[in-house]
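Let me begin by presenting the structure, written as structure tokens, before commenting on it.
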Amino acid sequence: MKTIHTDTSVTPVLFPDTLAAASLQQFRATPPLVHCLTNEVVQSFTANVLLALGAFPAMVVEPEEAAQFSAMANSLLINIGTLHRARAESMLAAISAANQVGTPWVLDPVAVGGLAYRTDFAKELLLLKPVAIRGNASEIMALSGIATMGRGVDSVDTSLAALPAARQLATQARTVVAITGEVDYITDGQRVFAVTGGDKLMTRVVGTGCALSAVVAAFSALQGDRLHHVATACRIMSQVGGQVSQRVAGPGSFIPAFLDGLYQLDTLAY
Amino acid sequence: MKTIHTDTSVTPVLFPDTLAAASLQQFRATPPLVHCLTNEVVQSFTANVLLALGAFPAMVVEPEEAAQFSAMANSLLINIGTLHRARAESMLAAISAANQVGTPWVLDPVAVGGLAYRTDFAKELLLLKPVAIRGNASEIMALSGIATMGRGVDSVDTSLAALPAARQLATQARTVVAITGEVDYITDGQRVFAVTGGDKLMTRVVGTGCALSAVVAAFSALQGDRLHHVATACRIMSQVGGQVSQRVAGPGSFIPAFLDGLYQLDTLAY
Amino acid sequence: MKTIHTDTSVTPVLFPDTLAAASLQQFRATPPLVHCLTNEVVQSFTANVLLALGAFPAMVVEPEEAAQFSAMANSLLINIGTLHRARAESMLAAISAANQVGTPWVLDPVAVGGLAYRTDFAKELLLLKPVAIRGNASEIMALSGIATMGRGVDSVDTSLAALPAARQLATQARTVVAITGEVDYITDGQRVFAVTGGDKLMTRVVGTGCALSAVVAAFSALQGDRLHHVATACRIMSQVGGQVSQRVAGPGSFIPAFLDGLYQLDTLAY
């Protein structure tokens, strides 16, 4: 396995295709029902990404129902992009129900750091044991308590610079952390996998990061080593996104081609 | 007319193209303004489907305005996919105003059966006289009071199995019921039409069912035999969806091709 | 410069490409972060339009955060398409914060005139000094206090007929007003620019007008003559929309092609 240069004490290992293929095969054998409490802007794209992969998305938002549904779903996504009080109440109800029956839930801490209300809320959520967290470098650094310079919606830090913060966060919160950027790093605090691929064009399409978090939630429903499953989610999205970007004219035609690519995903190859 | 095999006392009749063509012609002569109180995930796709067909969608959500607008619109859609208390209040205000002036309204009982809050709400809505109801087999069975095994978002029952429930529901609520699935059945309790077509690919795109309900609402604005108009809505969506599915690479490219197909819809043919 | 026929006292001048090119160049040198408080139906398309052009969209909706974020953003969009009480509170908080630090904000008065709640709210917003207003003829006439015959979502008046109302509104509110239609007119009360282009197909895609308002907000962040910047926003959307409409099969394929066109926008030419 090729190593990626790094200044941390653990050397990231390029995530092997064999592990990704095994995880994807498991995913297809048991396509999960994913309860998505996500932001207003990306709900349709998120649902379409999950459907393309063969999973079953559902958005149930009234607090009582959100709790009832989280207990039935195979996993739960919490994305705080357009957080407001009523939705925060639904999220807490859903997480509480999920934790009671053991439904794994995943946190996407959108824009944490720059904005006070959501930053406080995300720190409160950290105590409720997400099984995985997916964010960009600025978000992961902010969530781990390290100051950053972003305005909350753009990441001014690289994923590698955030790796120490990610490892610390993973260790303290006993979770898997995925920092995504030009290279993605996925860590449980001890082990670190790197995922390459993707394309800058993906930053010109709203919701690619949010949809990845939904895919992370979907793969978090699987039995076995969750670090591998989360890395597989990153790998799939990077590979298909990178391939598709090479043959489209822009971000508009990227969207249908990307969904088609996820639908047609047969093999994983670097 | 060809008959479809069935185990109910009434034999479904394949919905004739001549009736569909007449209904479509009437639709084009008087394109309706449709007030859509629908779920968060599918609003954009729903609006684009109605616009492609030449109708005028509008989403007006504040309770007072929703009531004011329902009285101006040609029909009203109520879809409870992401129901919450504030939106439920808007729906009740809109329905009440619609009923006062005779604006026809249509119910899409998304995921009724598996979830308590919406199931209670949907049963309350039934008393407010929707002119049509569009759902999958599990939803229609749940709404008619028959137990089902779904988790609320996926239909585990076939549309044919739900036909007795649909007929009972249509008779009791004096409405038209459309059960959609591999074959769609549309009934007013006495007569039953079958609509074939469509494609499994449509289940991999979020909002195809919800958009159909909006089209049912649009066609419910027409004068004449509502059973024919609702069947025409189902027929159009199945035919265009089925044709488009044959020539696209996946669910991503289905979306633009489907909207183009609705826009270009000239003739109806099996 | 070619003149456009008109019955007002000021002769509209076709907006020159040289001014549009200069404004676009400035836009690219300093791509703005745009805070969008817009309607539920068009959020994803709006974000994708801004991203395609190289701007940074963000939707932050909780009142306290919306205020905090407006002070960081380069401009703010207020679109009242799906206004409700909670969102109105967020809008007022965001506008107040924007005004305190000098963040320019833009109003899209969707469906004002036909509906009471939003019409009252829009008139309240007028006093809070938007730097630009973008609407169709019916909306601009209603906002200026002139009666119209629309149902609020469709414009039954032509943009030229609304030009006197637009000039009066621009003068009284000390703002730039863009009336869009077959021909767009952009005025600061004294000067009037006309922008041609576009295509009727754009009225069959939800959110083209709303996305234009977001682009107006983005261009309003630029230093210099705001009338030129707002006209440039209209010019870009009309030109790309018109070009794309010629080579697509319908409104479905318009969407990806339009986003690609904005992304590839190199030169402006009539």
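In the text below, chain A, chain B and the rest are named by the order of the sequence lines, each starting its count at 1. All values derive from a computational prediction rather than experimental measurement.
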* Sequence neighbours left out, what pairs pass salt bridge (Lys or Arg N to Asp or Glu O under 4.0 Å) with at least one residue falling in residues 62-88 of chain B? => A/Glu62-B/Arg85, A/Glu64-B/Arg85, B/Glu62-C/Arg85, B/Glu64-C/Arg85, B/Glu65-C/Arg118, B/Arg87-C/Glu40

* Indicate the ring-plane relationship of C/Phe69 and C/His35, choosing parallel, tilted or perpendicular according to the 30° and 60° boundaries. => perpendicular

* To do: Against chain B, label C/Leu83 side chain, backbone, both or neither, depending on which of its atoms sit under 4.5 Å from a heavy atom there.
  => backbone

* Could you walk me through whether B/Val106 and B/Ser75 pass the side chain to side chain contact (heavy atoms under 4.5 Å, CB included) check? -> CA-CA 8 Å; B/Val106 168; B/Ser75 60; over 6 Å; no

* Structure fact -> d(C/Leu76 CG, C/Leu33 CG) to nearest 0.5 Å is 11.0 Å

* Structure fact -> Pair count under 4.5 Å, heavy atoms only, with chain B: among C/Val248, C/Ile255, C/Val205, highest is C/Val205

* With chain C as the partner chain, list the residues of residues 41-49 of chain B whose heavy atoms fall under 4.5 Å from it, by residue number, and write 'none' if nothing qualifies. => B/Gln43, B/Ser44, B/Ala47, B/Asn48

* To do: Dump the intermediate steps for side chain to side chain contact (heavy atoms under 4.5 Å, CB included) on C/Thr180 and C/Arg134, then the final yes or no.
  => CA-CA 7 Å; C/Thr180 55; C/Arg134 202 288 314 168; 2.7 Å; yes

* Can B/Arg235 and B/Asp17 be counted as an ion pair, charged N to O under 4.0 angstrom? -> yes

* Output, in order, the C-alpha distance, side-chain angles, deciding distance and verdict of side chain to side chain contact (heavy atoms under 4.5 Å, CB included) for C/Val230 and C/Ser220. => CA-CA 7 Å; C/Val230 173; C/Ser220 291; 4.0 Å; yes

* **Under 4.5 Å from any heavy atom of chain C - which part of B/Leu262** => neither

